[in-house]
Colleague: 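Dropping a structure here in structure tokens format, bear with me for questions.
Only this structure's heavy atoms are used, side chains among them; waters, hydrogens and symmetry mates stay out.
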Amino acid sequence: MLSLEQVLQLAEIVPERFRALIMLATFGSLRFGEATALRRADVNQDGSVIRVRATYVERSDGTIELGPPKSRAGMRTIGLPPFAAEVVREHLKTRVGEPSDSLLFTGSTGGPLRRSGFNRAAKWPEAVATIGVPNLHFHDLRHTGNTIAASTPGTSTRDLMNRMGHDSMRAALIYQHATRDADRRIAEGMEQQIRRATTGEASAIARSLHEPSQRAGRETGRDAAGPEL
């Protein structure tokens with residue numbers, strides 16, 4: 001799980017032609033094969049909406065095949081945040097051919113972009129080491145995007161399933177539980193800070209703020225904590 005700052009830093013470190021790929025994998029929750037199978041016709045003019053219709057699969061014998069997404073739910077439409085959409089829009093303008101079937105990302109010879117070719121051209125090991133996560137895998141960008149989506153207020157399990165391209169609720173629930181656990185840890189951390197802050201001088205300040213109410217209660221003959229107050 002990367003921070004947003006690390007994602008943006010990584011997008012700046014890799015060669016410019018891969019910047020949109022980082023955005024799509026993270027903020028579009030795309031797998032590598034789904035992102036590299038995208039064509040101009042799969043992206044609207046302002047880069048804010050993408051349509052996943054296919055994926056590239058690299059076989060153990062080195063062949064690469066174009067086929068449907070991993071599941072029926074994998075065929076989906078995904079909205080991008082404006083910042084990511086701007087990067088994709090610029091990529092379409094400067095890096096993608098005019099024909100509607102032009103691939104968004106290609107290898108050195110103009111064919112489909114292979115993972116090995118990307119790792120080499122992007123100097124991936126050096127790039128991820130620079131941002132402090134030397135063992136980062138490309139798929140971890142999708143993991144980061146899924147986690148961000150799951151933590152967004154109002155996101156339902158079905159919303160998350162649609163965005164991730166999953167038929168099963170299992171993966172979506174895992175992300176939602178993880179974000180709830182993180183939120184609980186944050187709340188517990190806040191509580192510890194509050195407890196530390198209410199000792200010493202802070203508690204003396206709290207008592208001084210409370211004393212006027214106590215005096216007012218004594219003067220009126222009422223309990224300052226009573227319903228009248």
Side-chain angles (χ1 to χ4, degrees), residues 2 7 10-81 84-128 131 133 135-146 162-167 171:
L2 297 178
V7 173
L10 180 61
E12 289 294 328
I13 291 172
V14 299
E16 188 273 335
R17 67 189 180 101
F18 296 131
R19 192 167 298 163
L21 182 59
I22 301 298
M23 294 290 113
L24 288 167
T26 306
F27 301 109
S29 294
L30 296 189
R31 302 173 178 89
F32 184 84
E34 292 174 338
T36 55
L38 289 175
R39 299 176 185 271
R40 177 177 281 277
D42 297 322
V43 186
N44 70 342
Q45 288 188 344
D46 67 0
S48 63
V49 179
I50 58 174
R51 183 175 50 164
V52 180
R53 298 183 298 166
T55 185
Y56 276 120
V57 178
E58 293 187 53
R59 302 298 181 188
S60 57
D61 61 0
T63 58
I64 184 168
E65 298 177 2
L66 181 66
K70 290 182 64 175
S71 65
R72 182 177 57 184
M75 299 185 68
R76 61 201 188 276
T77 300
I78 301 169
L80 297 176
E86 183 179 349
V87 175
V88 172
R89 184 167 61 249
E90 184 64 23
H91 182 82
L92 287 172
K93 186 188 305 182
T94 60
R95 294 285 180 177
V96 183
E98 288 300 324
S100 60
D101 63 347
S102 298
L103 288 168
L104 263 63
F105 308 100
T106 60
S108 58
T109 60
L113 179 63
R114 294 174 178 270
R115 192 181 298 266
S116 57
F118 165 75
N119 289 340
R120 184 169 53 253
K123 298 182 179 178
W124 185 257
E126 295 90 338
V128 296
I131 65 171
V133 280
N135 296 316
L136 187 78
H137 298 285
F138 186 88
H139 192 78
D140 293 328
L141 298 176
R142 170 176 156 86
H143 169 63
T144 296
N146 289 341
N162 291 340
R163 191 170 185 84
M164 294 166 57
H166 279 284
D167 286 323

Colleague: Can you tell me if Glu58 has over 12 outside heavy atoms packed within less than 6.0 Å of its CD?
Modeller: yes
Colleague: Rounded at 0.5 Å granularity, tell me how far CZ in Phe138 sits from CG in Leu10.
Modeller: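 Phe138 CZ to Leu10 CG: 9.0 Å, rounded to 0.5 Å.
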Colleague: Identify the residue among Ile78, Val88, Leu141 that makes a side-chain contact (heavy atoms from CB on, under 4.5 Å) with Leu24.
Modeller: Val88
Colleague: Measure from the side-chain N and O atoms of Thr144 to the backbone N and O of Leu2, and report whether any donor-acceptor pair falls under 3.5 Å.
Modeller: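 Answer holds: yes.
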Colleague: Rounded to the nearest 0.5 Å, what separation is found between the CG atom of Leu104 and the CZ atom of Arg40?
Modeller: 8.0 Å
Colleague: Is the closest basic N to carboxylate O distance between Arg19 and Glu16 below 4.0 Å?
Modeller: no
Colleague: Assess the residue pair Leu103 and Tyr56 against the criterion (side-chain contact (heavy atoms from CB on, under 4.5 Å)); give the C-alpha distance rounded to whole Å, side-chain angles, the decisive distance to 0.1 Å, and a yes or no.
Modeller: CA-CA 12 Å; Leu103 288 168; Tyr56 276 120; 4.1 Å; yes
Colleague: Counting only N and O atoms by type, is there a donor-acceptor contact under 3.5 Å from the side chain of Asp42 to the main-chain atoms of Arg39?
Modeller: yes
Colleague: If I compare all heavy atoms of Pro69 with all of Arg53, which pair ends up nearest, and what's the gap?
Modeller: CD-O, 3.5 Å
Colleague: To check you understand the geometry: which heavy-atom pair defines the closest contact between Ala85 and Ser48, and what is its length?
Modeller: CB-CA, 3.7 Å
Colleague: Hey, what do you get for CD (Glu34) to OG1 (Thr55), rounding to the nearest 0.5 Å?
Modeller: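 These two atoms lie 5.0 Å from each other.
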Colleague: Distance from Gln45 atom CD to Leu92 atom CG, nearest 0.5 Å?
Modeller: 10.0 Å
Colleague: Restricting to non-hydrogen atoms, name the atom on Arg142 and the atom on Leu30 that form the minimum distance, rounded to 0.1 Å.
Modeller: CB-O, 3.8 Å
Colleague: Check Trp124 against Leu136 and note the closest heavy-atom contact, atom names and distance.
Modeller: NE1-O, 3.1 Å
Colleague: Ignoring hydrogens, what is the shortest heavy-atom contact between Arg76 and Ser29? Give both atom names and the distance.
Modeller: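 Of all heavy-atom pairs spanning Arg76 and Ser29, the closest is NH2-O, 3.5 Å.
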Colleague: Would you say Arg95's side chain and Phe105's backbone share a donor-acceptor pair under 3.5 angstrom?
Modeller: no
Colleague: For Leu80 versus Gly47, what's the shortest heavy-atom pair and its separation?
Modeller: CD1-O, 3.4 Å
Colleague: Name each donor-acceptor pair under 3.5 Å that joins a side chain in residues 106-123 to protein atoms two or more places apart or in another chain, with its distance.
Modeller:
{"from": "Arg114", "atom 1": "NH1", "to": "Gly62", "atom 2": "O", "distance (Å)": "2.7"}
{"from": "Arg114", "atom 1": "NH2", "to": "Gly62", "atom 2": "O", "distance (Å)": "3.1"}
{"from": "Asn119", "atom 1": "ND2", "to": "Arg115", "atom 2": "O", "distance (Å)": "3.4"}

